[in-house]
Chemist: 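The following block contains the structure, expressed as structure tokens.
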Amino acid sequence: MKLESITLREIRMPLVTPFETSFGRVSNRRMLLVESKVDGATGWGESVAGEGPFYAPETVETAWHVLRDFIWPILKDRKFNSASEIWELLAPIRGHNMAKGAIESAIWDAEAKQKSLPLWKLLRGVRQEISCGVSIGIKESLEELAATVERELAAGYQRIKIKIKPGNDIEPVEHLRQRFPNIRLMVDANSAYRLDDWAHLKRLEAYYLMMIEQPLGWDDLYSHAELQRKLDTPICLDECIHTDEHARAAIELGACRIINIKLGRVGGYTPARQIHDRCESKQIPVWCGGMLESGIGRAHNIALSTLSNFSLPGDVTASRRYWTEDVIDPEVEVTRQGTIRVPDGPGIGYAPRLDRIEKLTARKEILS
Ligand code: OSB
Ligand code: MG
């Protein structure tokens, strides 16, 4: 196989409602899409880098720079046998996983299309329907939060995750537990606490949460191990797990009992599957996180979620929760049971809407 060209596009899309986490609020998403041509087949990927370096060190700008100036020169004219070799070819570049994940996933899509196979089958996925939960941002009031939860439950979603931060944690959790005693509930702090806050975090244990996601420092495995020893509730790591080595360390240190896998955070399908397989062998369940993706990234998250150890509902949801109109056809839809039926078409199984993508494009560069 040979990569003939890549097209980088930055698209801008306003969110249906602003999304607030402990590290900030986003109303307009900027997303970098990668279109790759491999032996005549076209594959699509999305970089999940944010507008600023607040979730992870990368941004839309750094991803663009690294794709154009470092990744493209390595991959152009390079022969490879399958997309599974791309990750290793990019090993000389340290970090920049979101840039790597965007192109790596695009090449997987192209390979699947070339073989007329759904991507999830090429990846060794085992399920045709995935379970969905929702991630709900920090809200102005408890009433607004409860109304949002009510709506998502009515839509069928199987578990509720709310964002928390210091000063906005115990109260919303207590309120939701009183109102919805039996739902599967969890929280995500996006690194807003310090180990010193452990006694405060322990108060959350009164509300039987499924897990507490990423309470401490974005790269601080050791403190999470100390915290996990003090808590009965499982810690789930997100930000901390950017390599398979970090996953290994986290598991061996006892820093978490669950891992959230995001394609972009770990650099693509090859590392995502390594982490998935490692967790499976250690009986650590995983689920697929989300990064407010357009339909392209959403489609990839669906394919990833078909792997066997994705045994907990993920943050992969219907297009309409975030976008008035998505960039794929059909849009991602969720059943009344809170599941997504995995498409059976070749590649990601959703067609990019080129007309709409072109309209949303703020800049574009073709490398060939
Ligand atoms: O921590 O999972 C996170 C969104 C942006 C950055 C980080 C996170 C999130 C979400 C949203 O929780 C998940 C989604 O795409 O629905
Ligand atoms: Mg998270």
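Fair warning: this is a prediction, and the values are worked out from it, not measured in the lab. Atoms within each ligand, like the ligands themselves, are counted from 1 in listed order. Heavy atoms only: backbone and side chains are in, while hydrogens, waters and symmetry mates are out.
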Chemist: Could you tell me whether V316 approaches ligand 1 through its side chain, its backbone, both or neither, with non-hydrogen atoms closer than 4.0 Å?
Modeler: neither
Chemist: Identify, by atom number and element, the atoms of ligand 1 in contact range of K161, meaning under 4.0 Å from any of its heavy atoms.
Modeler: 2 (O), 12 (O)
Chemist: Is the distance from the Mg ion (ligand 2) to the nearest N/O/S atom of E239 under 2.8 Å?
Modeler: no
Chemist: State, with a plain yes or no, whether a side-chain heavy atom of Y55 is found less than 4.5 Å away from one of R265.
Modeler: yes
Chemist: For ligand 1, indicate whether the residue Q214 contacts it via side chain, backbone, both or neither (heavy-atom separation under 4.0 Å).
Modeler: neither
Chemist: Please work out whether any backbone atom (N, CA, C, O) or any side-chain heavy atom from C-beta onward of D238 is under 4.0 Å from ligand 1, and answer side chain, backbone, both or neither.
Modeler: side chain
Chemist: Can you find a heavy atom in the side chain of L312 that is under 4.5 Å from one in the side chain of M210?
Modeler: yes
Chemist: What distance do D315 atom CG and E213 atom CD have between them, rounded to the nearest 0.5 Å?
Modeler: 6.5 Å
Chemist: Should you measure from each heavy atom of N190, which atoms of ligand 1 turn up under 4.0 Å away?
Modeler: 1 (O), 3 (C)
Chemist: Which atoms from ligand 1 have a heavy atom of S135 less than 4.0 Å away?
Modeler: 10 (C), 11 (C), 12 (O), 13 (C)
Chemist: Looking only at atom types and distance, does a side-chain atom of R9 sit under 3.5 Å from a main-chain N or O of R363, one as donor and one as acceptor?
Modeler: no
Chemist: Among the N/O/S atoms of D238, select the one at the shortest distance from the Mg ion (ligand 2) and name it.
Modeler: OD2
Chemist: Is there a donor-acceptor pair under 3.5 Å between the side chain of Q214 and the backbone N or O of E239?
Modeler: yes
Chemist: Test I136 against every option in R151, E152, K163 by the side chain to side chain contact (heavy atoms under 4.5 Å, CB included) rule and name the one that passes.
Modeler: E152
Chemist: Using 4.0 Å as the upper bound for N to carboxylate O, is an ion pair formed by E129 and R127?
Modeler: no
Chemist: Relative to the Mg ion (ligand 2), which of the N, O or S atoms in D188 is the closest?
Modeler: OD2
Chemist: Is the side chain of T339 donor-acceptor paired with the backbone N or O of S131 at a distance under 3.5 Å, no angle test?
Modeler: no
Chemist: To make sure I understand the geometry: which N, O or S atom in E213 is closest to the Mg ion (ligand 2)?
Modeler: OE2
Chemist: Considering non-hydrogen atoms of the protein only, which is the closest contact for atom 2 (O) of ligand 1, and what is the distance?
Modeler: K262 NZ, 3.0 Å
Chemist: For atom 14 (C) of ligand 1, which protein heavy atom lies nearest, and how many Å away is it?
Modeler: Y322 OH, 3.4 Å
Chemist: Let me know which of D109, D39, T42 forms a side chain to side chain contact (heavy atoms under 4.5 Å, CB included) with Q114.
Modeler: D39
Chemist: Counting non-hydrogen protein atoms only, what is the nearest one to atom 15 (O) of ligand 1? Give residue, atom name and distance.
Modeler: L292 N, 2.9 Å
Chemist: Looking only at protein heavy atoms, which one is nearest to atom 13 (C) of ligand 1, and what is the separation?
Modeler: G290 O, 3.4 Å
Chemist: Say whether Y193 and D169, considering side chains only, have a donor N or O and an acceptor N or O under 3.5 Å apart.
Modeler: yes
Chemist: Evaluate the side-chain proximity of E205 to K202: yes if any heavy-atom separation is below 4.5 Å, no if none is.
Modeler: yes
Chemist: What protein heavy atom lies closest to atom 6 (C) of ligand 1? Include the residue and the distance to one decimal.
Modeler: M291 SD, 3.6 Å
Chemist: Enumerate the atoms of ligand 1 whose separation from the nearest heavy atom of Y55 is less than 4.0 angstrom.
Modeler: 7 (C)
Chemist: Of the protein's non-hydrogen atoms, which lies at the shortest distance from atom 8 (C) of ligand 1, and what is that distance?
Modeler: K163 NZ, 3.4 Å
Chemist: Which bit of E239 is near ligand 1, meaning a heavy atom under 4.0 Å away: side chain, backbone, both or neither?
Modeler: neither
Chemist: Suppose we only count N/O/S atoms under 2.8 Å; would D315 qualify as near the Mg ion (ligand 2)?
Modeler: no
Chemist: Is the side chain of D326 donor-acceptor paired with the backbone N or O of G295 at a distance under 3.5 Å, no angle test?
Modeler: yes
Chemist: For ligand 1, is any non-hydrogen atom under 4.0 Å from V134's backbone (N, CA, C, O), its side chain (CB onward), both, or neither?
Modeler: neither
